[in-house]
2 protein chains.
Amino acid sequence: MSGAAPAPVESLIGARIAERRAELGITLERLAAATGFSKGYLSKIENSRKVPPIGSLSRIAAALRTDITQLLHTPAEAGEGGGLSVVRAGERRPVVRGGTAFGYDYVSLADNRRDKKMEPFLFTFPSQIDKYVFFEHDGEEFMFVLSGRVEWQAGSRRLVLEPGDSIYFDARLPHRGRALDGEATAVVVTYSPKPAE
Amino acid sequence: MSGAAPAPVESLIGARIAERRAELGITLERLAAATGFSKGYLSKIENSRKVPPIGSLSRIAAALRTDITQLLHTPAEAGEGGGLSVVRAGERRPVVRGGTAFGYDYVSLADNRRDKKMEPFLFTFPSQIDKYVFFEHDGEEFMFVLSGRVEWQAGSRRLVLEPGDSIYFDARLPHRGRALDGEATAVVVTYSPKPAE
DNA sequence: ACAGAAAGTTTCCCATTGGACAATATCCGT
DNA sequence: ACGGATATTGTCCAATGGGAAACTTTCTGT
């Protein structure tokens, strides 16, 4: 054995850094100044010619105002979308994938558009969840409660949200929610660095 | 130079690995066999005497059946309120910058968190806009109408949105909106590749 | 089109570090 | 105490992190 499978993580780091730097719109030179590394070295890293050790990667992440884990995960995404997508209150399409399987009902609010950065849903929390599972995925999530009271748990924090309350959190925190009385609905928008694939 | 600001991440990796290995109840030798590293080296890593490069850490993570990010993540994963921000309906902070200047009122729904990918707002559309200006910025935007009827214009398209309607569009399209009768409110979430700086 | 500047890439090089190996130390049970 | 198992440490060589600067490419402006 020991075929020396090249670590898959390493090859993606560079791309992620480059992508993030592009997002911030800063040059290699500025990043070099911010991190203390030479621009030549940073260039090599972005092209996967060199792999920085943890500490250095951490410094780079800090300069890019990101978390180190963000740079280790997912590859790049590209593309762009033009246009505009409307979902009328009456024309919502229920999302099938696992939807009710977990005890949740949710419908996409922009399913007729692909390659978008955010994923908006309308969530309906049931009063009871038999399969008491947590969600846990990459990216970030925003939720705005429309109706009902939601008992929400993210990480170790548990709180009750009422209509009009909103919450923003790192989606890697295991999270779940249930309606406290009857039913509850919320607008949920997720951002995921990972494209749909 | 090189005052060697010790990266905070590095010192925790070893502890996390040791902790995880203890969880699995396996010996250094077994881990050595699984990863291909010498047990001596692994010992040094656990005692923060050495810091493995990304690829090696990845192999270790695989052998421990964990994700590499778990090993980097601080051991205090449970407990802290980090990564989560709640804004109660009664505690919204109005956003000052330009808010009413454009004839719009809006409040941030996650202002106590920085470096986030999405920017959620609660928008209030007035019945009349004297300065009939367009918004036009980078990124993408999602809007969910809560109350009232909104005449919305994006690019060349003009449409009327009612409560429960939602729209997703490229924010580079010049866009604007106004309430048709009385007032209208909407949840707006924007994604912008470039943070404010 | 051309010159100059700015952003990015590559070459060369050395100081640092990864990581194996063997020796030593610690912790059991009998 | 002894023997066996697991963990730590010193030594050392090969590998690599990472700088300096030359080089190339892309963006200006005129």
Side-chain angles (χ1 to χ4, degrees), chain A residues 1-64 68 71-72 76 78, chain B residues 1-64 68 71-72 138 193-194 197:
Chain A
M1 299 299 229
S2 81
V9 222
E10 304 189 299
S11 45
L12 301 170
I13 299 177
R16 291 246 61 195
I17 292 178
E19 181 192 342
R20 178 66 181 148
R21 183 169 63 83
E23 278 184 16
L24 294 176
I26 68 178
T27 77
L28 271 183
E29 216 146 4
R30 261 173 59 73
L31 183 59
T35 57
F37 295 119
S38 71
K39 69 174 183 180
Y41 179 46
L42 293 173
S43 171
K44 289 179 221 164
I45 290 176
E46 290 193 351
N47 295 42
S48 297
R49 226 175 260 308
K50 291 279 185 179
V51 178
I54 317 272
S56 307
L57 185 62
S58 173
R59 270 163 68 190
I60 296 173
L64 293 175
I68 189 174
L71 298 181
L72 288 173
Chain B
M1 279 60 85
S2 76
V9 220
E10 302 189 302
S11 44
L12 300 169
I13 299 177
R16 293 246 57 193
I17 292 179
E19 182 188 338
R20 178 66 182 146
R21 183 169 63 85
E23 275 181 23
L24 295 177
I26 66 177
T27 78
L28 271 184
E29 213 148 7
R30 262 174 59 74
L31 183 59
T35 57
F37 295 120
S38 71
K39 67 177 182 180
Y41 179 46
L42 292 173
S43 171
K44 287 178 205 158
I45 290 176
E46 289 192 352
N47 294 45
S48 297
R49 214 167 267 288
K50 292 280 186 178
V51 178
I54 316 273
S56 306
L57 186 62
S58 174
R59 271 163 66 189
I60 295 173
L64 292 175
I68 188 173
L71 298 181
L72 292 170
D138 258 347
K194 239 171 273 204
E197 181 99 21

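Owing to the predicted nature of the structure, the values given are computational and were not obtained by experimental measurement. Below, chains carry the letters A, B, ... as their sequence lines are ordered, and counting in each starts from 1.
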Any [X] side-chain N or O less than 4.0 Å from OP1/OP2 of [N]:
X        : N       : result
Arg21(B) : dA7(D)  : yes
Arg49(A) : dT10(C) : yes
Ser56(B) : dG19(C) : yes
Asn47(A) : dT9(C)  : yes

* Given the rule in the side-chain contact (heavy atoms from CB on, under 4.5 Å) test, do Leu28(B) and Arg21(B) qualify, once you have shown the distances and angles that lead to the verdict? -> CA-CA 8 Å; Leu28(B) 271 184; Arg21(B) 183 169 63 85; 3.7 Å; yes
* Structure fact -> Smallest heavy-atom separation, Arg59(A) atom then Thr35(A) atom, equals NH2-O, 2.7 Å
* Asked: So, for Ala34(B) and Ala63(B), which heavy atoms are closest and what is the spacing to 0.1 Å?
  -> CB-CB, 3.9 Å
* Can you tell me the distance, in whole Å, between the CG atom of Leu31(B) and the C1' atom of dT6(D)? => 13 Å
* What's the CZ-P distance between Phe37(A) and dG8(C), to the nearest Å? -> 18 Å
Would you indicate what [X] reaches in the nucleic acid, counting non-hydrogen atoms under 4.0 angstrom: base, sugar-phosphate, or nothing?
X        : value
Tyr41(A) : base
Thr27(A) : sugar-phosphate
Glu46(A) : nothing
Ser43(B) : base
Arg30(B) : nothing

* To do: Before giving the answer on side-chain contact (heavy atoms from CB on, under 4.5 Å), spell out for Leu42(A) and Ile17(A) the whole-Å C-alpha distance, their side-chain angles and the decisive distance to 0.1 Å.
  => CA-CA 9 Å; Leu42(A) 293 173; Ile17(A) 292 178; over 6 Å; no
* Output, in order, the C-alpha distance, side-chain angles, deciding distance and verdict of side-chain contact (heavy atoms from CB on, under 4.5 Å) for Ile45(A) and Leu57(A). => CA-CA 10 Å; Ile45(A) 290 176; Leu57(A) 185 62; over 6 Å; no
* Asked: Taking for each residue the nucleotide of DNA chain D with the nearest heavy atom, is it Val51(A) or Lys39(B) whose nucleotide lies nearer the 5' end?
  -> Lys39(B)
* Structure fact -> Taking for Gly40(B) and for Pro53(B) the nucleotide of DNA chain D with the nearest heavy atom, the one nearer the 5' end belongs to Gly40(B)
* To do: Give the nucleotide from the list dA7(C), dG19(C), dA20(C) with an atom nearest to the side chain of Pro52(B).
  => dG19(C)
* Asked: Do Lys44(A) and dG17(D) share a donor-acceptor pair, side chain to base, under 3.5 Å?
  -> no
